[in-house]
Chemist: 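Here it is, the structure, as structure tokens.
Order of the sequence lines sets the chain letters (A, B, ...), proteins ahead of strands, with each chain counted from 1. Worth knowing before you read on, the calculation uses all heavy atoms, side chains too, and leaves out hydrogens, waters and symmetry mates.
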Protein chains: 2
Amino acid sequence: MPKSLIYDVAQRAGVSIKTVSRVVNNEPNVRENTREKVLAVIKELNYRPNASARKLASQKSYLIALLYDDPSLYDNPSSNYVLNLQQGALRICKSETYDLLIHPCDYRDKNLNQEVSSLIHNSRVDGLLLAPPLSDQKSLIETIAATDTPFALISPGNKTLTPLSVFTNDREVSAEMTEYLAFLGHKKIAFIKGDPEHKALQERYSGFKDGMRNSGLKIEKNFVKNGDNSFGCGELFAKQLLSLKNPPTAIFCCNDDMANGVLRTAYKMGIKVPDSLSVAGFDDIPLAEQTNPSLTTIRQPVRSMTEHALEILMDKVKNRESKISPDDLLIKAKLVIRESTGKAPS
Amino acid sequence: MPKSLIYDVAQRAGVSIKTVSRVVNNEPNVRENTREKVLAVIKELNYRPNASARKLASQKSYLIALLYDDPSLYDNPSSNYVLNLQQGALRICKSETYDLLIHPCDYRDKNLNQEVSSLIHNSRVDGLLLAPPLSDQKSLIETIAATDTPFALISPGNKTLTPLSVFTNDREVSAEMTEYLAFLGHKKIAFIKGDPEHKALQERYSGFKDGMRNSGLKIEKNFVKNGDNSFGCGELFAKQLLSLKNPPTAIFCCNDDMANGVLRTAYKMGIKVPDSLSVAGFDDIPLAEQTNPSLTTIRQPVRSMTEHALEILMDKVKNRESKISPDDLLIKAKLVIRESTGKAPS
DNA sequence: TTGTAGGCGTTATCAG
DNA sequence: CTGATAACGCCTACAA
């Protein structure tokens, strides 16, 4: 069957192309009667509006770009985070009939600003969604803001960067986990920090400090390590910590990958988890319930965060009132207790 | 700075817009002299062609769709496969100045054909790349073929579906792994099959049979399980196998997720790997070197497979001679020996 | 509520 | 090799 145009529909329905256009775009000012008629013809002729023509005429691209840090650049096993981002974003895009452009990038790249800038200019995306740690890159954000393209941020460290952001309770829930470990009798608790560029991860450290204070525990300097989120550094720091004369009995890591590295080192060193060592992570990647032993961690609903963030972005893009309440913009994470934590050894 | 149009460039360079168009699109029939002049003006004015206008006029979308089975629908921890697909596809798209549309789908969905069909018609993609097990769905492929949109397949089971495919040596390398296990002294080797919809996985079973035969070993019926690729079924079948009166001393799984499930069950049952049991997987997901013990497996270069597949697809889309030799279309996997396999217990 | 005219910014045609 | 002019298919005014 030959592709039908808006003209064909208009002619067959006995109306003008503008009327067809109106029903296609769900605009008001069409009598219910004629709307139905047009709809019928559209179906009959299997008419599909030409996206390019529509974009050209309307000066929109119907494209949203999702920017995230390229997981392939790292020692990152479960690229689950990225997939969750994508799934959340795809869902909203679909319901808004937008297309999604995925754009992995290297936040350390000097040309990042320029690269994103040309993405905006070349692909003319109608909006951008930035995942951490990109959502913490001030100069990048300024670059985007300068183009006047709407954008939203997922858990940025700086809450003033844009009103279009979703946040997490990293700090509170990290304190909670710390208190849980203290409750199990642990007094010597180590902490492996995450990538300092990602501000939300710093909050986790703050939460750890809160939790220690609340539990009346002191933080030992040797017990705090500057990690980079990788499995490898979890392995490394665990080796250092567990080789200490007076080693910690619990290690709380800023993410699951590092916690998994700790598990691996403990295994190699013949240290039983959780009998002699408790390990906790953060993220609840799918792997967390498949490790030996399975991992106590914190679940963050990345997908729904992404959906909320994209929804407020779409509201902005489409210039309509947002239905999302501010409460929905603070996404709460929860403890997930599994096998890797237990009572402190006596 | 105001956006400049092709007219602005033409005027400033003292040529017609058609000449500018020719330069922009790298077409012949432009004097080197004027080409340079135009290029200079383009740079000066920071001219970027409007994608929508270009698409409308050229009747192309400059869009490639990547279809894969949605990993979120499964018990699939490392969504690494999908990310590798995406990375490979993005790289080629970038170099060809195409955009990539990712399209996760459910291959069991009855509306799949219709869904893909509307993707093709609505987004008017210039080409599609199908990953397994979608590349094995005959009716889907027929649906796509009927639209006359070029498409390529990644490791389809049926080699005649389209000349645009990349293949793997699943069978040969699986035989190799089996022979390796036999070489270690294992005689009682179990095999957990993968999703039957994915033909390449069946090849792995054929390879297992080859390997057993080549090693002069017999396959015991109880030792062959019909898995579904999930961690959970790895766990389950391991429990069954290891509870047998006369259990296998080695388990070869169709993928790493299931092998990881086996590892988990062995851990729970207190069975030492590799001392009492050898475990082998397939895929070499990043997790494979992070398990306890790390996993012997088979590495498949998914990313380069994807790149090759997309390159031949682009050749077709752009209607040009392919530079890819048929040899490059058979991608070879390799054994990766780690800790989970060892000599058979005596 | 509906229709008409004009333009969105390219690429394609075909003559020079 | 180069250029005028007509598509491309839809949307946005504005008018009726």
Chemist: Going 5' to 3' along DNA chain C, between which two nucleotides do contacts with chain B fall, using a heavy-atom cut-off of 4.0 Å?
Modeler: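 Terminal contacting nucleotides, 5' to 3': C:dG9 to C:dT13.
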Chemist: Can you give the first and last nucleotides of DNA chain D, 5' to 3', that have an atom under 4.0 Å from a heavy atom of chain B?
Modeler: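 Answer, 5' to 3': D:dC1 to D:dG9.
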Chemist: With a non-hydrogen cut-off below 4.0 angstrom, is B:R48 in contact with a base, only sugar-phosphate, or nothing?
Modeler: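 The answer is sugar-phosphate, as B:R48 gets under 4.0 Å only of primed atoms, P, OP1 or OP2.
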Chemist: Answer yes or no: is there a donor N or O on one side and an acceptor on the other, between the side chain of A:S4 and the main chain of A:L45, under 3.5 Å?
Modeler: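 Yes, because the side chain of A:S4 sits within donor-acceptor range (under 3.5 Å) of the backbone of A:L45.
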Chemist: Throw together a table of side-chain donor-acceptor distances under 3.5 angstrom for residues 110-117 of chain A, partners on residues two or more places apart or in other chains.
Modeler:
{"from": "A:N113", "atom 1": "ND2", "to": "A:S139", "atom 2": "OG", "distance (Å)": "3.1"}
{"from": "A:N113", "atom 1": "ND2", "to": "A:T143", "atom 2": "OG1", "distance (Å)": "3.3"}
{"from": "A:E115", "atom 1": "OE2", "to": "A:H103", "atom 2": "NE2", "distance (Å)": "2.9"}

Chemist: Near DNA chain D, which residues from residues 14-26 of chain A have a heavy atom under 4.0 Å away?
Modeler: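 Those residues are A:I17, A:K18, A:S21, A:N25.
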Chemist: Check for a donor-acceptor pair, side chain of B:S58 on one end and backbone N or O of B:R54 on the other, with a separation under 3.5 Å.
Modeler: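 Flag set: sc B:S58 to bb B:R54 pair under 3.5 Å.
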Chemist: Can you confirm whether A:R48 is buried at CZ, in the sense that more than 12 heavy atoms of other residues, nucleotides or ligands lie under 6.0 Å from that atom?
Modeler: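 Counting other residues, nucleotides and ligands, CZ of A:R48 exceeds 12 neighbours.
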Chemist: Just report the end-to-end axis angle for the helix from C:dT1-D:dA16 to C:dG16-D:dC1, five pairs per end, to 10 degrees.
Modeler: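 Computed from the C1' atoms at both ends, the axes differ by 20°.
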Chemist: Does anything in residues 28-36 of chain B come within less than 4.0 Å of DNA chain C? Heavy atoms only, and list the residues if so.
Modeler: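 When residues 28-36 of chain B is checked for heavy atoms under 4.0 Å from DNA chain C, there are no hits whatsoever.
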Chemist: Does A:R124 reach the main-chain N or O of A:H121 with its side chain, forming a donor-acceptor pair under 3.5 Å?
Modeler: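 Such a contact is found between A:R124 side chain and A:H121 backbone.
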Chemist: If you find the nucleotide of DNA chain D closest to A:L56 and the one closest to A:K60, which residue's nucleotide is nearer the 5' end?
Modeler: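 In this pair, the answer is A:L56.
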Chemist: Taking atom NZ of A:K316 as the centre, report whether more than 12 heavy atoms of other residues, nucleotides or ligands fall under 6.0 Å from it.
Modeler: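 No.
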